[in-house]
Amino acid sequence: MPELPEVETTCRGIRPHLLGQTISAVEVRQPKLRWPIPAELSTATGQTIHAVTRRGKYLLIKTDTGTILIHLGMSGSLRLVDNHQQPEKHDHIDIALSSGKLLRLHDPRRFGAVLWWTEKIETHPLLSKLGPEPLETAFDDDHLWRQSRGRKQAVKAFIMNGHIVVGVGNIYASESLFRAGILPQRQAGRISRQRYQRLSQTIREVLAEAIAQGGTTLQDFSNSDGQPGYFAQELLVYGREGQDCVACSAKIKIKVIGQRASFYCSKCQT
DNA sequence: AAAGACACCTGTCCGC
DNA sequence: TGCGGACAGGTGTCTT
């Protein structure tokens with residue numbers, strides 16, 4: 001479900017409800033997520049929340065003594081509900097707050113994760129090797145160009161690699177490459193610096209626009225208030241195989257690259 | 001070191 | 001209607 005814009009939308013939505021709150025309880029109904037929810041998470045009880053941030057697609061809830069690290073996987077979502085609201089199927093964990101609200105994780109496929117880390121958060125093994133944030137200055141054409149030299153991988157798989165740049169998932173990879181006019185199957189190492197200039201720009205554009213629209217709702221994404229995202233109507237190629245290209249009217253094609261469906265226009269993208 | 005396959009899990013949709 | 005199979009917004013891990 002969530003790519004960077006959806007995680008950012010969630011982060012912004014939950015932050016005001018969490019800042020300054022004290023965690024009054026942690027209830028785990030289903031500990032079997034991608035990794036088992038650690039027993040030490042219960043030590044978050046009694047701690048006060050000082051910051052709610054995002055790194056890549058990881059949400060970070062910083063408390064006095066440690067950080068709760070949440071990944072939404074493919075199907076996860078977070079909502080704030082009143083503490084008397086009964087949990088439904090796949091509502092795996094509640095973090096109860098002094099306000100009387102619960103931060104509730106819903107995740108049917110259970111590819112998500114909830115972890116606890118007491119050291120400097122950047123040292124967490126899942127975070128320490130991540131590439132730059134696409135909306136920050138460390139991410140640019142020079143970075144993409146240098147990282148890609150010698151790589152034979154398809155450029156789409158390359159930009160979806162979190163060690164190169166975080167947050168570019170399957171939807172926005174196809175969209176960015178379409179806007180940049182680059183074929184997704186092109187070898188990353190054979191793309192010019194000039195074309196990476198364009199690509200770094202379209203990646204930033206697409207992600208920023210999607211955040212402004214509250215993310216993309218394809219099936220069931222909703223923000224922490226239960227509202228859908230509206231970027232789906234801006235998608236130019238994703239999910240549009242067989243339909244007319246918005247630029248040239250050729251039929252949009254689909255091809256599996258790196259085991260992920262990839263959408264493109266073979267006339268506009270070279 | 002890099003690239004590809006596979007794994008995790010549930011829900012939905014499509015064709016027969 | 002039922003059933004099997006493919007597929008879905010992610011990413012760590014294992015194998016080449």
Side-chain angles (χ1 to χ4, degrees), chain A residues 1-11 29-37 54-59 69-78 88-92 105-115 124-131 134 146-177 184-190 203 206-207 210-211 213-223 228-235 237-242 254-263:
Chain A
M1 173 215 296
E3 295 195 29
L4 185 146
E6 291 73 40
V7 179
E8 179 64 22
T9 297
T10 299
C11 187
R29 282 176 291 270
Q30 169 57 277
K32 293 180 183 173
L33 300 188
R34 177 151 199 202
W35 296 283
I37 293 180
R54 177 188 60 72
R55 176 73 176 100
K57 296 172 192 164
Y58 292 92
L59 286 164
L69 191 150
I70 301 175
H71 196 288
L72 299 175
M74 289 278 263
S75 60
S77 59
L78 285 169
E88 297 179 7
K89 195 175 183 185
H90 305 310
D91 285 343
H92 304 314
L105 174 71
H106 179 83
D107 185 6
R109 293 180 72 181
R110 290 192 270 124
F111 288 173
V114 178
L115 301 169
H124 192 285
L126 292 172
L127 305 182
S128 62
K129 290 178 182 168
L130 292 178
R146 283 199 291 196
Q147 290 293 315
S148 64
R149 291 310 92 182
R151 291 197 188 238
K152 296 185 171 180
Q153 193 178 31
V155 62
K156 175 160 177 279
F158 172 71
I159 61 171
M160 288 179 68
N161 179 348
H163 300 310
I164 301 300
V165 54
V166 296
V168 183
N170 204 36
I171 297 177
Y172 302 115
S174 281
E175 294 298 311
S176 306
L177 287 163
Q185 57 268 52
R186 185 136 308 234
Q187 278 187 21
R190 292 190 177 178
I203 288 172
V206 164
L207 294 176
I211 291 169
Q213 297 282 317
T216 298
T217 297
L218 293 183
Q219 288 163 33
D220 56 1
F221 172 75
S222 60
N223 67 17
Y230 295 100
F231 194 72
Q233 59 205 47
E234 320 280 328
L235 298 177
V237 288
Y238 187 86
R240 297 192 64 243
E241 74 274 23
I254 181 170
K255 184 186 182 76
V256 175
I257 297 169
Q259 300 159 139
R260 310 301 298 276
S262 309
F263 303 86

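Chain naming here is simple, since letters A, B, ... match the order of the sequence lines and numbering starts at 1 in each.
- Taking side-chain N and O atoms only, A:Lys57 has a distance below 4.0 Å to OP1 or OP2 of C:dT11.
- Between A:Arg34 and B:dA7 there is no side-chain polar atom (N or O) within less than 4.0 angstrom of OP1 or OP2.
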For residues 254-261 of chain A, please give each side-chain donor-acceptor pair under 3.5 Å, one per line with the distance, not counting sequence neighbours.
none

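- Atom CD1 in A:Ile37 sits 8.0 Å away from atom CD in A:Gln30 (nearest 0.5 Å).
- Taking atom CG of residue A:Asn170 and atom P of nucleotide C:dG9, one finds them 5 Å apart after rounding to whole Å.
- We find that NE2 of A:His71 is positioned 7 Å from C1' of C:dT11, with the value rounded to whole Å.
- Note that the CG atom of A:Leu177 and the OG atom of A:Ser262 stand 8.5 Å from one another [nearest 0.5 Å].
- Across the protein-nucleic acid pair, A:Ile254 atom CD1 and C:dG9 atom P stand 9 Å apart, rounded to whole Å.
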Enumerate all atom pairs, one protein N or O and one N or O from nucleotides 13-16 of chain C, separated by less than 3.5 Å.
none

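- The shortest heavy-atom contact between A:Trp35 and A:Ala113 is CE3-CB, 3.7 Å.
- To the nearest angstrom, P of B:dA1 lies 13 Å from CD1 of A:Ile164.
- Comparing the P positions of B:dA5 and C:dC7 gives a spacing of 14 Å, expressed to the nearest Å.
- Remark: the A:Asp91 side chain and the A:His106 side chain contain an N/O donor-acceptor pair separated by less than 3.5 Å.
- You'll find that the side chain of A:Tyr238 is closest to C:dA8, out of C:dG10, C:dG12, C:dA8.
- For A:Arg240 against A:Phe263, the heavy-atom pair with the smallest separation is N-CD2, 4.1 Å.
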Wobble G-U and Watson-Crick pairs count when both distances are under 3.5 Å; given that, what is the 5' to 3' dot-bracket string of DNA chain B, with | for pairing to other strands?
.|||||||.|||||||

Show the distances under 3.5 angstrom between N or O atoms of the protein and N or O atoms of nucleotides 2-5 of chain B.
{"residue": "B:dA3", "atom": "OP1", "partner": "A:Lys152", "partner atom": "N", "Å": "2.6"}
{"residue": "B:dA3", "atom": "OP1", "partner": "A:Gln153", "partner atom": "N", "Å": "3.0"}
{"residue": "B:dA3", "atom": "OP2", "partner": "A:Arg151", "partner atom": "NH1", "Å": "3.3"}
{"residue": "B:dA5", "atom": "N7", "partner": "A:Gln259", "partner atom": "NE2", "Å": "3.4"}

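- Counting non-hydrogen atoms under 4.0 angstrom, A:Leu33 reaches nothing in the nucleic acid.
- The aromatic ring of A:Phe111 does not sit over the base of C:dT11, since the test of centres under 5.5 Å and planes under 30° is not met.
- Residues A:Thr9 and A:Gly215 come closest through the heavy atom pair OG1-N, 3.8 Å.
- Across B:dT12 and C:dT11, the matching P atoms stand 23 Å from one another, rounded to whole Å.
- When the P atom is used for both C:dC3 and B:dC9, the distance is 23 Å, rounded to whole Å.
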Give every pair of a protein N or O atom and an N or O atom of nucleotides 10-13 of chain B that lie under 3.5 Å apart, one pair per line with the distance.
{"residue": "B:dT10", "atom": "OP1", "partner": "A:Arg110", "partner atom": "NH2", "Å": "2.6"}
{"residue": "B:dT10", "atom": "O4'", "partner": "A:Pro108", "partner atom": "O", "Å": "3.3"}
{"residue": "B:dT10", "atom": "O3'", "partner": "A:His90", "partner atom": "NE2", "Å": "3.2"}
{"residue": "B:dG11", "atom": "OP1", "partner": "A:Lys89", "partner atom": "NZ", "Å": "3.1"}
{"residue": "B:dG11", "atom": "OP1", "partner": "A:His90", "partner atom": "NE2", "Å": "2.7"}

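- The two residues A:Ser75 and A:Pro2 have their closest heavy-atom pair at N-CD, 4.4 Å.
- Using a 4.0 Å heavy-atom criterion, one finds that A:Tyr58 contacts the sugar-phosphate atoms exclusively.
- Annotation: ring-ring contact (aromatic ring centres under 6.0 Å, His included) contacts of A:Phe158 (sequence neighbours excluded): none.
- For A:Gln233, the CD atom counts as densely surrounded, since its 6.0 Å shell holds more than 12 non-hydrogen atoms of other residues, nucleotides or ligands.
- When all heavy atoms are compared, the tightest approach of A:Asp107 to A:Gly112 is OD2-N, 2.9 Å.
- Residues A:Tyr172 and A:Phe231 place their aromatic rings such that the two centres sit under 6.0 Å apart.
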